[in-house]
Amino acid sequence: MILPLDRAVAELVRDGDTVAMEGFTHLIPVEAGHEVIRQGRRDLTLVRMTPDIVYDRMIGAGCARKLVFSWGGNPGVGSLHRFRDAVGNGWPRPLELEEHSHAGMANRYAAGAAGLPFAVLRGYAGTDLVGRTPTIKPITCPFTGEELAAVPALNPDVAIVHAQRADRAGNVQMWGITGVQKEAVLAADRALVTVEEVVDELEPVPGQVVLPSRVVTAVSPVPGGARPSYAHGYYVRDNDAYRAWDAVSRDRDRFTAWLDAEVFGAGGGPGTPVAAPGGEREEQTA
Amino acid sequence: MILPLDRAVAELVRDGDTVAMEGFTHLIPVEAGHEVIRQGRRDLTLVRMTPDIVYDRMIGAGCARKLVFSWGGNPGVGSLHRFRDAVGNGWPRPLELEEHSHAGMANRYAAGAAGLPFAVLRGYAGTDLVGRTPTIKPITCPFTGEELAAVPALNPDVAIVHAQRADRAGNVQMWGITGVQKEAVLAADRALVTVEEVVDELEPVPGQVVLPSRVVTAVSPVPGGARPSYAHGYYVRDNDAYRAWDAVSRDRDRFTAWLDAEVFGAGGGPGTPVAAPGGEREEQTA
Amino acid sequence: MTATESLPSPATADADEVMTVTAARALADGTSCFVGIGLPSTAANLARRTHAPRLWMVYESGTLGASPSTLPLSIGDGELAETADSVVPVTEVFNYWLQAGRIDTGFLGAAQIDRFGNINTTAIGDYDAPAVRLPGAGGAPEIAASCGRVIVIVRQSPRTFVERVDFTTSVGHGGGPGDRERLGLRGAGPVRVITDLGVLEPDPATRELVLTSVHPGITAERAREATGWDLAVAPDLATTPAPEPRELAVLRSLTGRG
Amino acid sequence: MTATESLPSPATADADEVMTVTAARALADGTSCFVGIGLPSTAANLARRTHAPRLWMVYESGTLGASPSTLPLSIGDGELAETADSVVPVTEVFNYWLQAGRIDTGFLGAAQIDRFGNINTTAIGDYDAPAVRLPGAGGAPEIAASCGRVIVIVRQSPRTFVERVDFTTSVGHGGGPGDRERLGLRGAGPVRVITDLGVLEPDPATRELVLTSVHPGITAERAREATGWDLAVAPDLATTPAPEPRELAVLRSLTGRG
């Protein structure tokens with residue numbers, strides 16, 4: 001089902017949902033995150049291996065109650081200041097943390113995608129994560145007696161990813177670094193995919209991942225929707241924007257002003273979402 | 001390391017080894033199997049999800065002591081008569097069986113590839129496989145209390161697969177239906193890949209699987225080496241050959257005559273292996 | 001083949017054709033179907049060419065949404081990969097698609113099927129000294145466990161329809177009501193067994209297979225004689241609607257007959 | 001840059017450059033290396049352009065055998081995917097490559113590192129009310145567990161080199177001899193800690209980090225002052241060979257300096 005972004009977010013993302021917006025540096029659904037902010041969603045449990053600037057914005061905007069993650073930083077730059085402010089000072093609201101390693105998170109998604117209640121990995125042994133994270137438990141191999149780590153499946157209410165293309169039937173195609181997006185979509189109850197373009201036919205591409213339309217709840221055309229991250233074959237990463245975020249996000253007032261201007265404001269660059277018919281936007285962000 | 005097939009088999013496959021020759025209808029390493037027969041390997045534990053006519057030949061030739069598998073038939077035709085004769089009558093020698101389902105076998109390879117001692121799946125519940133196959137055990141989810149099935153990792157001594165291409169450094173490229181070949185190669189101690197051709201550069205192809213040279217012990221150029229199965233982009237499946245095998249394999253004498261003529265004989269069609277330098281072939285098959 | 005006069009007459013349909021057409025009709029458009037080679041593949045491809053053009057066929061070789069132009073001989077034919085929406089590793093088709101419960105209908109054959117729809121494709125007779133060694137489990141145990149529902153296609157005879165299978169390769173309704181739930185099997189199990197004589201369905205209360213329809217020209221008595229247990233007959237026994245000329249024409253174009 | 005006279009003088013190398021060159025030299029040609037962004041990535045790319053052209057770099061984004069022409073800012077830059085032998089899902093890079101023990105060297109940074117090479121990248125101070133909240137584990141715990149050996153690159157200061165880490169994100173040598181084995185960690189753990197002052201290596205018997213080399217112009221005393229525990233000094237303390245002009249030139253072409 002092809003929907004404008006604001007309608008798709010309105011229909012798929014609900015207050016209190018567990019939301020996984022995945023992307024490993026590449027194809028990050030930034031504009032979808034802005035739309036979630038605009039629609040004022042609250043009490044979300046945000047899930048992501050690498051929460052970066054889009055989650056920093058959502059946390060700073062007060063959307064999140066909890067973060068399930070493995071590495072929360074501004075990739076190649078440093079810290080996430082809104083994340084730090086929420087953890088350290090509870091601003092704008094406290095943020096509960098559930099921390100894993102990348103290996104644990106990836107396997108949690110894979111278990112969710114596979115309809116299993118848990119995954120097994122060699123991980124966490126001897127770390128303080130074991131004591132801090134109740135979703136890490138020991139499990140014994142019934143054949144060798146070895147002790148390994150078990151982690152529960154992740155099954156988000158909704159997964160949001162960005163992809164290069166979809167066809168009109170809603171089949172989605174992405175390529176380049178595709179991270180854990182397939183698993184996140186398959187693990188979720190509902191899936192929203194923003195795409196650079198909708199095409200008649202998905203010409204096969206080396207390294208492609210195709211998500212059949214039957215596992216995609218909604219596709220929203222959002223050209224530039226991954227900026228300042230990149231879309232392989234469409235545009236490159238805007239490293240300066242990541243660096244610039246550091247200064248913007250350090251200060252609450254400066255952040256709030258940025259949010260008003262760039263997310264709630266009428267302006268907006270190439271990542272501006274497609275307008276909804278009938279002025280629904282206003283209603284939803286009121 | 002690029003080696004002629006006979007040298008590669010001589011170096012990689014030893015009597016008593018556990019050998020996985022994988023291929024899901026497509027890219028079956030038939031000619032490599034013939035070379036194993038020619039070299040008179042014995043006491044092999046043969047592993048494969050879908051043992052088909054090449055394992056039927058190896059079993060009939062007396063190479064195998066045990067078969068670990070999930071579906072032993074002539075795809076689209078019917079039974080494997082050499083397999084049946086070995087199981088039912090111990091000809092030419094008894095064949096021990098370890099039976100799983102496809103889901104179990106695929107997960108056993110995946111666990112082997114991942115360095116885990118076991119895999120977990122929803123499977124086998126209520127079937128008589130549980131009582132017959134000691135490598136199926138119950139396991140309880142430490143989070144939900146659900147009972148699932150555990151199966152031990154498969155880590156063959158050697159995996160043998162066929163692929164379309166390799167480059168001179170030994171990187172391997174295959175595409176089309178690639179089944180469980182990647183997992184079998186990664187799970188094995190040693191890996192032999194026969195290929196249609198060795199090229200200077202592996203041009204990316206949609207749907208490709210690339211096996212980096214560091215997980216490939218030897219590459220052998222064997223054009224037509226998957227016949228009568230097929231190599232996507234090179235030649236199609238010879239369905240008549242599969243049908244013809246039914247009659248040949250029903251009778252021990254007819255099978256033995258076929259083996260002498262087609263495998264040990266000097267003749268041979270497009271699947272004839274590349275000759276080794278220095279007449280090594282004679283030495284090894286003596 | 002567009003002119004009506006060139007379509008075959010339903011009267012010429014043989015028993016296998018009636019069975020295949022009946023199976024095809026059981027597949028609703030837009031649903032997903034896990035397809036094995038042989039009769040299931042023929043039936044699914046027939047459905048896709050008649051009433052169910054958006055039937056989403058998954059073959060265990062990893063081809064999702066295949067739409068082959070000819071009937072494949074094997075589950076891994078190149079045609080399947082070329083026409084698929086996506087080709088995924090075998091691990092994914094079993095874990096991410098089948099086990100995750102994304103397949104509506106699983107199609108299974110059987111060498112033996114019993115009163116409760118349990119299936120044997122492993123061995124006839126004693127496992128250690130089998131009278132007939134069969135190919136084994138393949139994908140069947142988990143298809144039977146995880147698909148939304150299972151349809152079995154099998155020719156009916158007392159050797160095949162047995163009181164109790166010699167080996168339970170794939171669980172149908174186990175020993176009766178509640179067994180699937182106790183075993184944690186998530187799908188509904190066999191909801192229909194389609195044979196060359198008629199259609200059997202589990203009694204909602206006892207889970208025992210009951211004859212609910214006979215094909216044209218077949219009597220309930222003949223179906224009972226072809227069954228190794230005392231086959232119950234539904235009080236409202238139906239007669240299977242005969243294949244339509246167009247169904248037969250498409251089927252024969254697929255199988256190369258006529 | 002081919003003429004010798006255009007190469008920079010080793011005397012101009014700053015502390016970070018000596019650290020990076022020393023780290024690069026620790027990577028043998030033909031080995032595999034799990035590379036994080038920042039100093040590890042710079043060091044690995046320097047090695048590949050000098051003595052180790054066949055260094056096989058794996059980034060956790062799933063790029064196997066990447067050979068970027070410029071230094072990536074992030075572990076998922078497009079350049080990595082374009083130049084890789086293969087791009088695999090994140091599940092595979094962690095399960096099939098890292099966990100399976102296929103990576104020779106893991107490169108890690110640290111916000112805190114202790115006497116036994118245990119690493120904290122989670123939080124400084126109390127976890128629930130941290131003085132500094134850090135990014136967290138990422139791939140580090142399993143890199144530290146499963147790579148054949150680990151090299152840590154970190155600038156040396158008493159705040160960073162602490163008696164005991166506030167949070168053990170990644171296990172080095174635990175509490176001493178035998179701990180890695182008891183925990184089932186398969187790799188050798190940190191075999192070298194390379195700083196801007198020198199090189200520390202675990203004592204074979206006690207597993208405690210010992211100063212084994214100081215960089216040119218650095219004294220053991222200065223390194224001890226920059227350490228939050230009573231740092232032992234190896235009796236045969238070496239001086240790190242200074243960067244060669246060619247190493248410096250390549251490094252500066254990568255980092256855009258000079």
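Quick note on labels: first sequence line is chain A, next is B, and so on, each numbered from 1.
Ion pairing between a basic and an acidic side chain is recognised when a charged N comes within 4.0 Å of a carboxylate O; Glu98(B) and Lys66(B) show such pairing. Using a 4.0 Å cut-off between charged side-chain N and carboxylate O, Arg165(B) and Glu196(B) make no salt bridge.
In plain terms, the two heavy atoms of Ala81(C) and His232(B) that are nearest each other are CB-CE1, 3.8 Å. When every heavy atom of Ala144(C) is checked against every heavy atom of Val150(C), the shortest pair comes out as CA-CG2, 3.8 Å.
With a threshold of 4.5 angstrom between heavy atoms, Met49(B) approaches chain C through side-chain atoms but not through N, CA, C or O. With a 4.5 Å cut-off on non-hydrogen atoms, Leu183(C) touches chain B through its backbone and its side chain both. The contact between Arg186(C) and chain B is made entirely by side chain atoms (from C-beta outward), counting heavy-atom distances below 4.5 Å. Pro130(C) touches chain B through its side chain: at least one heavy atom from C-beta onward sits under 4.5 Å away, while N, CA, C and O do not. Heavy atoms closer than 4.5 Å to chain C are found nowhere in Gln181(B), neither backbone nor side chain. Contacts between Arg122(B) and chain C at a heavy-atom distance below 4.5 Å involve backbone atoms as well as side-chain atoms. For Asn120(C), no part lies under 4.5 angstrom from a heavy atom of chain B. Looking at Val132(C), the atoms closer than 4.5 Å to chain B (heavy atoms on both sides) all sit in the side chain, from C-beta outward. Only the side chain of Phe69(B) comes within contact range of chain C, with at least one heavy atom under 4.5 Å from a heavy atom of that chain. Residue contact with chain B, scored on non-hydrogen atoms closer than 4.5 Å, is absent for Ser41(C). Residue contact with chain C, scored on non-hydrogen atoms closer than 4.5 Å, is absent for Glu147(B).
Stacking of Arg102(C) on the aromatic ring of Tyr96(C) is not recorded, the 6.0 Å distance cut-off and the 45° axial limit not both being met.
For the residue pair Tyr124(B)/Glu142(C), the side-chain donor-acceptor check at 3.5 Å is not satisfied.
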